[in-house]
Every structure is written in structure tokens, then in C-alpha cells.
Amino acid sequence: MIDCPNGMMRDRLPDLLHGRLDAAERAEVEAHVRGCAECEAELALLAELRTSLRTAPAVNTAAIVAALPAPPARASIRADRTRWSHWRAAAAIALVAGGTSLVVMRSSQEQSPVAQPATVATAHPTESATVVAPVAVARPATGAPSPVPEQRVASSHSGEAPTVRPRELAVGVASVAELSDQELSALLSDMESLDATPSLEVEGGLPVTPALPGKDGV
Amino acid sequence: MTDPTTPSPADGPSDSELVMRWRNGDQRAATLLVERHAGAVARFAASVGERGDVDEVVQDTFVRAFGSLDGFRGDSAFRTWLFTIARRLILDRRRSERRRGIAVEVDDAQLRTEHNALDGVVAAETQQRLRGALEQLTPTQREVFTLRVGEGMSYKEIADTVGTTEGAARVHYHNAMRAIKELLDD
């Protein structure tokens, strides 16, 4: 097989075969091929070689897709949702600590008459949040055995530290701000152990003068 | 010159658009990219003499590609980038086989046997002769020729894929073409 002496034209034959030429270039190369037996033969050979080269084993595209990593945005969305739930919880705590609120928290694990996830309701109906919290209790010790270790929390209203029974808190207080520092700290500590609950920081400027739970008749 | 690896709007979204969609969480975009390019990667792997599991090479190529998609800057075509990854994978596999004492030089007789099995599909004497001619090329010539004639890549894309220059890629292609013609004329 004799090669066409026009190397530039021969170079463009694969591009013509694959449709990579624009209209003007294609017209130019096709016109040359029509008048060049060597290039016409080479173009035909290239077409057959292309057929040979394009024979390949089938691939399982579904298996390939299944093996791919997740898109980065999905991981980011999951992280964003987690962060958003953190901020909601943090905002709820800040609002409760700074405003008039009624806090009723019960543990879902205690065998109490009401075993419900803890909820925090604020006096601001447009701003509410639900906090699930197995939390510490600021309540005088009853002597009953507790399946959960108790912790002692200092009270600002008595000289002794009442026993705090974790995982149960029934507080009928006018404001969470009435909780003692220790009680609030215990509450926050327990909430930190919750899934997707961050370490919360109560703003230092918010007054916290807690009263013993139950003092107001709850 | 148009780029066949980037589909026209009539063929659907471009590779760059699909990559962007995937980065934004669209898993379906990954499916479209795999369906669009897996066959070409398989052909490339088979043409450069990958004797092992071509399916595995193709899967590993895409897994690596999507795992490092942040590194794809769009300077080259997406398919070129995939071929580059596949090529490195195949070379790594060969080095590993060499370390384990497994012969990595392609046995011509074995390769002809494998290709004859594929030729059973085509069942044409001419195709068998063409395959035989391709097998006689040096690995580099076969690689360049495959990318130029099998995939329609430009010399620049070939150079990016195999790690050489455009000029060298052009020389390899024409040397391969001359060798094939001489073999077929015998």
C-alpha cells in the first residue's frame, strides 16, 4: 500500500472518520480523498481497524455505579442537617434560659407514669424546640434505688447538695433561669450525650438564678 | 475541530455539566457518565493488552476517578482523564504482577487466542488479519493507534493520556500505520 505524499491530509483521516472536523475542514478532506486513491484506501483501512479496536468485553455499568463514592454534596447535606439540629437545640436552650418558660422533661427510660421524650416549651409560641434529653434531676433523694447512677447537685436554696437522679426531671419552674448553675450544667451535660447534640454554651450574659425543682408545686 | 468525547446538546448534557451535577449531589449524573464512557475504557484496557479482569479495571478506574473528581479541572476531556487513570492502573497491575514473578509480556499466541475468541463475534477473515497486525505493534504504538483510530482522540489528548508529546504521539501513530500496512501487504 502506497502512502499519499500529503502528510497533512493523511493526518486528518482519523479525524474525518470520527467526525471531529468542522464543516470546512470536512469538505476539504473529503474533496482530497475523492481525488486520492491512496487516501481512499487508507480511509477504508482505518474504518476496518476502528471496527476491530471497538470490540471489547461487556461491562457491568450497574456494578460500577454501585461501587462509586457518594457525591460530596450529599455528605455535606448530612453534615449541614446535623449542624442545623445542633443550632436548633442551642437556640432552644438560649431562648429557654433567657425567657419565661415551662420545662417538663421526662425520661423515656424511667418507669414513670409518663415516659416521654423530654420537651422544652417556651413562652414564645413562634420559637419552640424539642429536646430529647435523658437529663439530670434536681430533686431530693427519695431513697428508691435508681438504675442510673445519681449525681449530687448543689442547690442555691439549701446548704446541702440534693441528690440529682439522672434520667428524670420534672420541673415546674417559671423559668429555666431558676435552675442552679449545677443543675443547668447537669442538664447540659446530659444533653451533650445525646446523638447529634453538640456541646452547648449558655451565653454568659444571661442571668441564671435557678430554684430547686418542685419548689413551685411540680 | 469538534470533540466527539463531549456530546452535542442533542446527545444530552456534556461531561462537564454531569460532573458539576454530581458534585452537587446528583447520583444520576454518575450513572450517565459511567454509561457514556465505560465501554470506551473497556476497549482501551483490552486493546493495550490487559489480560486480567477488564471489568475490574474499568470499575477501579471509575472509582478512582469519582474519588478524586476534585482534581479534575476540565483541562482535558473527561474521557481522556479516565484513560489516563486506566492506563496508570494497568501499569500498576503489571508492576505488581512482575514483582510476583508473573510474566507480563503479552504472549502473542495467547493474545491471538483471546482475540480469536472475540473474532468469533465478528467472524471475518479480514478482521482476524487486522487484529494480527495490531498485535505485532509495539505496546506504545498499539496504545497510540488505539486512541487515535479506536477512540478518535487528538494528538494532544493522546499525549496527555500516555504522558508524551504531541509530536511523539504523531510519530508513533504513523509508524504504527506503516507497520500495519506492511503486515497486511505480506
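Throughout, protein chains are lettered first and strands after them, A, B, ... in sequence-line order, and every chain is numbered starting at 1.
Contacts between F145(B) and chain A at a heavy-atom distance below 4.5 Å involve backbone atoms as well as side-chain atoms. Within the 4.5 angstrom heavy-atom criterion, only side-chain atoms of R170(B), from C-beta onward, approach chain A. Only the side chain of L134(B) comes within contact range of chain A, with at least one heavy atom under 4.5 Å from a heavy atom of that chain. For a residue to count as touching a neighbouring chain, one of its non-hydrogen atoms must lie under 4.5 Å from one of that chain's; by this rule A24(A) does not touch chain B. At a 4.5 Å heavy-atom cutoff, L69(B) makes no contact with chain A through either its backbone or its side chain.
Side-chain contact between E35(B) and T31(B) is present, with heavy atoms from C-beta onward closer than 4.5 Å.
For the pair E151(B) and R43(B), the tightest heavy-atom approach, listed with the atom from each and the gap, is OE2-NE, 3.1 Å.
Of the listed residues L13(A), N60(A), L49(A), the one with more heavy-atom pairs under 4.5 angstrom with chain B than any other is L49(A).
Atoms CZ and SG, from R10(A) and C39(A) in turn, are 7.0 Å apart once rounded to the nearest 0.5 Å.
With sequence neighbours excluded, the residues forming a ring pair (Phe, Tyr, Trp, His ring centres under 6.0 Å) with F66(B) are W22(B), listed by chain and number.
Between R12(A) and E28(A) there is a salt bridge, with a side-chain nitrogen of the basic residue lying less than 4.0 Å from a carboxylate oxygen of the acidic one.
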